[in-house]
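For reference, the structure is listed below as C-alpha cells.
Each chain gets a letter, A, B and so on, in the order its sequence line appears, and its residues count up from 1.
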2 protein chains.
Amino acid sequence: MPKKGRATSVDIAHLAGVSQATVSRVLRGSPLVSAETRRRIEELVRQYNYKVDKHASSLRTQRASTLALLLFEDPSPDESHINPFFLSMLGSITRACARHGQDLLVSFQQFSDDWHADYEDSKKADGLILLGYGDYLAYEEKLRKLVEQGTHFVRWGAVLPDQPGVSIGCDNFDGGRKVGAHLAERGRRRVAFLGEASSGCPEFLERRRGCEEALREAGGAVVAQFDAVSSEDAGASAARALLESGTAFDAVFAASDLIAIGALGAFAEADVRVPEDVALVGFDDIPIARFTRPALTTVFQDTQRAGELLVDSLMRLIRGESVHSEMVPAQLVVRQSA
Amino acid sequence: MPKKGRATSVDIAHLAGVSQATVSRVLRGSPLVSAETRRRIEELVRQYNYKVDKHASSLRTQRASTLALLLFEDPSPDESHINPFFLSMLGSITRACARHGQDLLVSFQQFSDDWHADYEDSKKADGLILLGYGDYLAYEEKLRKLVEQGTHFVRWGAVLPDQPGVSIGCDNFDGGRKVGAHLAERGRRRVAFLGEASSGCPEFLERRRGCEEALREAGGAVVAQFDAVSSEDAGASAARALLESGTAFDAVFAASDLIAIGALGAFAEADVRVPEDVALVGFDDIPIARFTRPALTTVFQDTQRAGELLVDSLMRLIRGESVHSEMVPAQLVVRQSA
DNA sequence: CTGAAAGCGCTTACAG
DNA sequence: CTGAAAGCGCTTACAG
C-alpha cells in the first residue's frame with residue numbers, strides 16, 4: 001500500500017517482503033537475484049506501475065543517460081522556421097537516441113558561450129550534439145573552448161583537417177563533384193553558384209570546390225557566385241541578382257534546396273525556363289524537393305546514417321573511447337530540373 | 001581546490017568559508033543571505049564554473065523542471081520525414097519552454113500505452129505535450145487513461161466537447177468556413193475535399209464542415225471527398241483518384257498543405273491548370289507554401305501563439321491550477337492558387 | 001543572516 | 001542469493 005504519490009522501491013520491497021536493495025537489483029537486471037524473487041518483484045512493479053526515479057538513479061550513478069541536441073541558426077534569429085534539413089536530422093537523432101536508451105533534450109539557441117555550462121556542468125546531459133549553420137570562424141573558437149573544458153560533444157558539419165573535436169558531415173566535396181559532373185554531362189559549361197562559399201561556411205565552400213573540379217575536367221567553370229544563406233528568400237534574391245548581373249550562364253548550383261527553391265521562384269517570375277534555359281541543382285534532398293515543379297535534382301545526404309553516427313560517436317566519446325570524425329556519402333538524385 | 005570532476009556546492013562553501021546551505025541559498029536566490037556573502041559566493045561560482053546539479057536538485061524538490069514533447073504520427077511509421085507543421089510547432093514549443101525555464105525532452109513514437117509510465121512515473125518530466133496525427137478514436141481511449149492516472153498533459157488537436165483532458169487547437173471549423181467563403185466569392189461552387197474527414201480525424205472533419213457551411217450559404221457544395229493522410233504522396237493519389245472519378249468540380253480544398261502540394265503535382269501531370277481550371281486551397285501555411293507554383297492559398301495557424309499556450313497551460317496544470325481547452329484563430333492567406 | 005541536520009530515492013561495495 | 005549501510009548533491013525547516 002504505497003501512500004499518496006508514486007510508489008518507490010521501498011514500497012515495492014515492503015510489498016514483496018524483501019530489502020529495497022533487491023528490488024533495485026531486479027530493476028537494473030542484476031543476475032544476483034533468484035528467479036522466484038525476481039518474478040514476484042516484477043509482478044508488483046507492473047501492478048503498481050513503478051518506475052525507477054530518474055533523478056535518484058542519475059544522482060547515484062553520475063550518469064544522466066541523456067544527450068542534448070543544440071540547434072542553432074545564425075542567419076535567421078527570428079522566431080520562424082528551422083531548416084527542414086536539420087529537422088530531418090532531428091528525427092533521425094531522436095530515433096537513434098531511443099535505440100541507445102538515451103533521452104534527448106532539445107534546445108534552439110543562438111551561439112552561446114554557455115553551452116557547456118548549461119548542459120554538462122549541471123549534469124542535465126552527458127554530452128552535446130551541435131547542429132547548425134553560422135559563421136564557422138566564430139564557431140570554431142567556441143568549439144576549441146569546449147574541447148579545452150573536456151566537454152563531450154560531436155557536431156554535424158564540414159569535416160576538415162585541424163578541426164577541434166569530432167565532426168560528422170556529408171562528403172560535401174564529393175557531392176559538389178557529382179553535381180559538376182552531371183551538369184557537364186548534360187552539356188552545361190557555365191555554372192553560377194548560389195550560396196556563400198567562404199571559409200565562414202566551409203560546407204558550401206566544399207560543395208563549390210568539388211563542382212569546380214569536375215567542371216574543369218570537362219572544360220566548364222563556375223562563372224559567378226552570389227551569396228545566400230540557406231533560405232528561400234535569400235535564394236530568390238541571389239537568383240535575381242544573378243539575372244540582373246548580365247552574366248551568361250546555363251546552369252545554377254544552389255548550395256541548398258531552400259536556396260534552389262527560392263531561385264526556382266525567381267526564374268519563373270523572369271520567364272527563365274528550368275531546365276531548358278538553365279539547369280538547376282540543389283543540395284540536401286529535403287522532402288519537398290520531389291514536389292517542386294520541375295522536381296529538383298539535388299544531392300541526398302543519408303540523415304538516417306548521420307543521426308546514428310552522431311549518437312554513436314557521442315556515446316563512445318562519453319565512455320572515453322577514441323573517436324574520429326567521419327563523412328557520410330553524398331548521392332546525386334536526378335530529377336527534372338537538371 | 002575542488003578535486004577532480006566538477007565542483008559541488010560543498011567545494012564552493014569551503015572556498016568561501018561558509019556552510020553548504022548558504023551556497024545553496026545564494027543559488028536559489030534566497031533573500032536570507034547578506035550582500036557581502038552573496039557577492040563572494042557568486043564570484044567563486046563564476047570562477048569555478050559551478051552549476052547546481054540538476055538531479056540532486058530535482059530529487060530534493062521533487063520537480064523535474066522538464067516537459068516532454070511526444071510526437072507521434074500514425075500513418076507514416078517509416079523512418080522518414082515528420083510533418084513540417086509539427087516541426088514548426090516544435091520550434092515554438094522549444095522557445096516557450098526556454099522562456100518558462102523548463103527543459104524539453106523530445107521523443108517521436110508510435111501510439112503507446114506507456115507515455116505516462118515513461119515520463120511522469122520516472123519523474124523525467126513534470127508533464128507531457130502530445131502532438132500528432134492518428135486515429136482519434138484509438139487515441140481518445142489513451143487520453144482517458146492519462147486523465148485517470150492523473151497525468152499532467154496537454155494536447156494539440158481538435159477542440160471538441162467532451163474530450164478528455166486539455167486540448168489546444170486551431171479553430172478548424174472557422175478555418176474551413178473561411179476557405180469555403182473565399183472559394184464561393186471566387187465563383188467556385190463544386191468543391192472536392194482531399195483528406196480523411198471522419199470522426200477518426202476530427203481536425204479534418206471540422207475543416208470540411210466549416211467549408212460546407214460557408215459554401216451552402218452561397219449555393220455551393222462539397223461534391224466529393226477522397227481520403228488522404230497528411231502527406232504529399234497521399235495528396236497526389238487522392239487527386240488522381242478525383243480526376244479519374246469523373247466528378248465535375250471547380251475547386252479543391254486539401255485538408256493540409258502537404259496534401260495540396262501532392263495534388264498540385266498530380267494536376268500538373270494531368271495538365272489541369274491551377275487556378276484557372278481548379279482553385280486549390282491548403283491548410284497549415286507551412287513555410288514552403290509561399291514557394292510552390294502557383295503559390296498556395298492556405299490557412300495560417302499561429303504556431304507561435306499555440307506553442308506558448310501549450311506550455312503555459314501545461315505549467316498551470318502542473319501547479320494545480322484549473323485550465324481549459326482553448327482555440328487559436330485561423331487566418332486565410334490568399335496567394336495564387338485560389 | 002547563518003549553520004547543522006534530515007532526507008529526497010536510488011546503487012553498489014561489503015559482509016554473510 | 002540477500003540485506004544493512006553509505007553516499008550521490010542538493011533544499012529547507014529548525015534553531016540560533
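When the P atom is used for both dA13(C) and dG9(C), the distance is 23 Å, rounded to whole Å. dA6(D) and dT2(D): their P atoms are spaced 23 Å apart (whole Å). Using P as the reference atom, dC10(D) and dC14(D) are 23 Å apart when rounded to the nearest Å.
Both Q62(B) and R38(B) sit near DNA chain C, but only R38(B) has its closest nucleotide nearer the 5' end.
In this structure D312(B) satisfies the salt bridge (charged side-chain N to carboxylate O under 4.0 Å, His left out) test together with R316(B), sequence neighbours excluded. Not counting sequence neighbours, R28(A) has no partner by the salt bridge (charged side-chain N to carboxylate O under 4.0 Å, His left out) test. Scanning for salt bridge (charged side-chain N to carboxylate O under 4.0 Å, His left out) contacts around E43(A) gives R46(A), with sequence neighbours left out.
Nucleotides of DNA chain C with any atom under 4.0 Å from a heavy atom of chain A span, from 5' to 3', dG9(C) to dA13(C).
Listed by first residue number, the stems of DNA chain D with at least three Watson-Crick or G-U pairs below 3.5 Å are C:1-3 with D:14-16, C:5-12 with D:5-12, C:14-16 with D:1-3.
For DNA chain C, the neighbouring residues in residues 20-32 of chain A, judged by any heavy atom under 4.0 Å, are Q20(A), A21(A), S24(A), R25(A), R28(A).
For the residue pair K54(A) and T66(A), a side-chain donor N or O sits within less than 3.5 Å of a side-chain acceptor on the partner. When only modelled atom types and interatomic distance are considered, S9(B) and Q20(B) share a side-chain donor-acceptor pair under 3.5 Å.
Side chain of E120(B) to main chain of L128(B): no donor-acceptor pair is present (N/O by atom type, distance under 3.5 Å, no hydrogens or angles). At distances below 3.5 Å, at least one donor-acceptor pair connects side-chain atoms of E203(A) with backbone N or O atoms of A158(A). Side chain of D126(A) to backbone of S65(A): a donor-acceptor contact under 3.5 angstrom is found. Between the side chain of T94(B) and the main chain of L90(B), a donor-acceptor pair closer than 3.5 Å is present.
Between E308(B) and R305(B) there is no salt bridge, since no side-chain nitrogen of the basic residue lies less than 4.0 Å from a carboxylate oxygen of the acidic one. Salt bridge E140(A)/R144(A): present, at least one basic N to carboxylate O contact under 4.0 Å.
No engagement by S58(A) is indicated, since no non-hydrogen atom pair under 4.0 Å with the nucleic acid exists.
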